[in-house]
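This report refers to the structure that appears directly beneath it.
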Amino acid sequence: SQQGEEDPQALSIQEGENATMNCSYKTSINNLQWYRQNSGRGLVHLILIRSNEREKHSGRLRVTLDTSKKSSSLLITASRAADTASYFCAPSDGGSEKLVFGKGTKLTVNP
Amino acid sequence: GAVVSQHPSWVICKSGTSVKIECRSLDFQATTMFWYRQFPKQSLMLMATSNEGSKATYEQGVEKDKFLINHASLTLSTLTVTSAHPEDSSFYICSAPGLHPSGYTFGSGTRLTVV
């Protein structure tokens with residue numbers, strides 16, 4: 001397993017704006033997952049993108065993966081105050097291996 | 001979808017006592033459970049991995065005699081913080097590989113405060 005590194009560490013935007021956060025990793029992966037953590041809660045799985053996929057959508061979420069650059073991005077469109085949370089990426093070699101988390105991106109969406 | 005129920009949500013205990021945290025997989029069998037600890041404004045730190053029917057695997061620096069993990073069935077894993085001290089106060093979260101493509105399923109966390 002390996003740890004992803006999210007960037008920026010903090011992001012503050014206005015409601016309705018788009019939020020983009022990035023993730024970099026070091027070695028080849030089977031898939032990459034994005035999670036959200038609301039304050040004082042557990043993590044919620046948002047989306048999983050496989051190494052042979054370049055882009056994936058889920059509602060207002062768009063995830064891209066560039067395996068040549070070993071990076072991924074998470075775009076939240078038309079953000080809402082409820083999107084305020086910390087976001088973590090988790091590169092995975094597949095299977096049921098342990099996930100290691102970085103510091104995350106703390107997103108604040110101001111009403 | 002896959003759900004992991006974690007209890008208690010919060011607990012306050014006195015120094016020197018032990019606290020047990022339970023994580024149950026409600027609609028799937030969790031042969032593996034991961035236990036994390038999170039200090040305020042920090043990321044999740046993996047403590048250990050429990051596997052049903054075998055001994056848990058602890059990450060470097062985690063005291064296995066202090067953090068007892070039991071995974072006696074396919075739906076229940078427990079973490080017992082023994083002889084708790086104030087520095088053990090933290091947010092503990094469990095996680096299990098869920099149903100593809102749902103990623104991993106996390107419990108809602110347990111806020112432990114040792115006084």
Side-chain angles (χ1 to χ4, degrees), chain A residues 1-10 21 23 29-53 56-58 61 63 65 72 74 84-108, chain B residues 1-7 9-10 21 23 25 28-52 56-60 62 69 71 74 90-113:
Chain A
S1 58
Q2 60 178 301
Q3 178 176 309
E5 189 172 321
E6 296 88 354
D7 176 72
Q9 288 194 20
M21 50 206 89
C23 169
I29 58 173
N30 174 279
N31 65 73
L32 187 141
Q33 302 169 39
W34 283 91
Y35 290 84
R36 181 187 74 225
Q37 183 182 31
N38 290 91
S39 181
R41 305 290 294 174
L43 276 68
V44 173
H45 178 260
L46 294 176
I47 198 165
L48 179 153
I49 186 166
R50 298 178 185 176
S51 59
N52 61 352
E53 297 176 309
K56 203 163 182 179
H57 297 254
S58 176
L61 306 180
V63 168
L65 179 64
S72 174
L74 170 66
T84 294
S86 290
Y87 292 81
F88 298 90
C89 67
S92 174
D93 297 335
S96 298
E97 61 152 16
K98 58 188 179 185
L99 297 183
V100 180
F101 295 94
K103 296 180 180 179
T105 293
K106 184 175 172 57
L107 173 66
T108 302
Chain B
V3 175
V4 172
S5 177
Q6 182 170 349
H7 293 280
S9 298
W10 59 271
I21 300 170
C23 280
S25 56
F28 69 105
Q29 294 182 336
T31 56
T32 301
M33 191 74 74
F34 302 103
W35 288 92
Y36 295 85
R37 178 169 57 183
Q38 185 178 34
F39 292 107
K41 299 184 179 181
Q42 294 189 24
S43 186
L44 285 78
M45 186 193 81
L46 180 66
M47 299 174 65
T49 302
S50 73
N51 294 291
E52 186 268 336
T57 302
Y58 291 81
E59 297 298 307
Q60 192 172 8
V62 178
I69 290 175
H71 198 145
L74 290 171
S90 188
F91 191 58
Y92 293 85
I93 310 172
C94 59
S95 171
L99 306 172
H100 183 80
S102 300
Y104 288 45
T105 300
F106 285 77
S108 55
T110 297
R111 172 76 59 194
L112 170 63
T113 302

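Here is the naming used below: chain letters follow the sequence lines, and residue numbers restart at 1 for every chain.
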What's the separation between atom [atom1] in [X] and atom [atom2] in [Y], rounded to the nearest 0.5 Å?
X	Y	atom1	atom2	answer
A:F101	B:Y36	CZ	OH	4.5 Å
A:E97	B:T32	CD	OG1	11.5 Å
B:K41	A:S86	NZ	OG	11.0 Å

Heavy-atom pair of closest approach, residues [X] and [Y]:
X	Y	value
A:G40	B:R111	CA-NH2, 4.3 Å
A:Q33	B:G103	OE1-CA, 3.6 Å
A:R41	B:I93	O-CD1, 4.3 Å

Over 12 foreign heavy atoms within 6.0 Å of CD, A:E5: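 Atom CD in A:E5 is not crowded, with 12 or fewer foreign heavy atoms closer than 6.0 Å.
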
B:Q38/A:L43 under side chain to side chain contact (heavy atoms under 4.5 Å, CB included): CA gap, chis, key distance, verdict: CA-CA 12 Å; B:Q38 185 178 34; A:L43 276 68; 5.6 Å; no

Side chain to side chain contact (heavy atoms under 4.5 Å, CB included) assessment of A:Q37 paired with B:L44: CA-CA 10 Å; A:Q37 183 182 31; B:L44 285 78; 4.1 Å; yes

Contact leader toward chain B among A:L99, A:N38, A:V44, where contacts are heavy-atom pairs under 4.5 Å: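 Highest number of pairs under 4.5 Å: A:L99.
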
Qualifying residues under side chain to side chain contact (heavy atoms under 4.5 Å, CB included), relative to B:S25, sequence neighbours excluded: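 If we apply the side chain to side chain contact (heavy atoms under 4.5 Å, CB included) test to B:S25, skipping adjacent residues, the hits are B:F28, B:A30, B:T75.
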
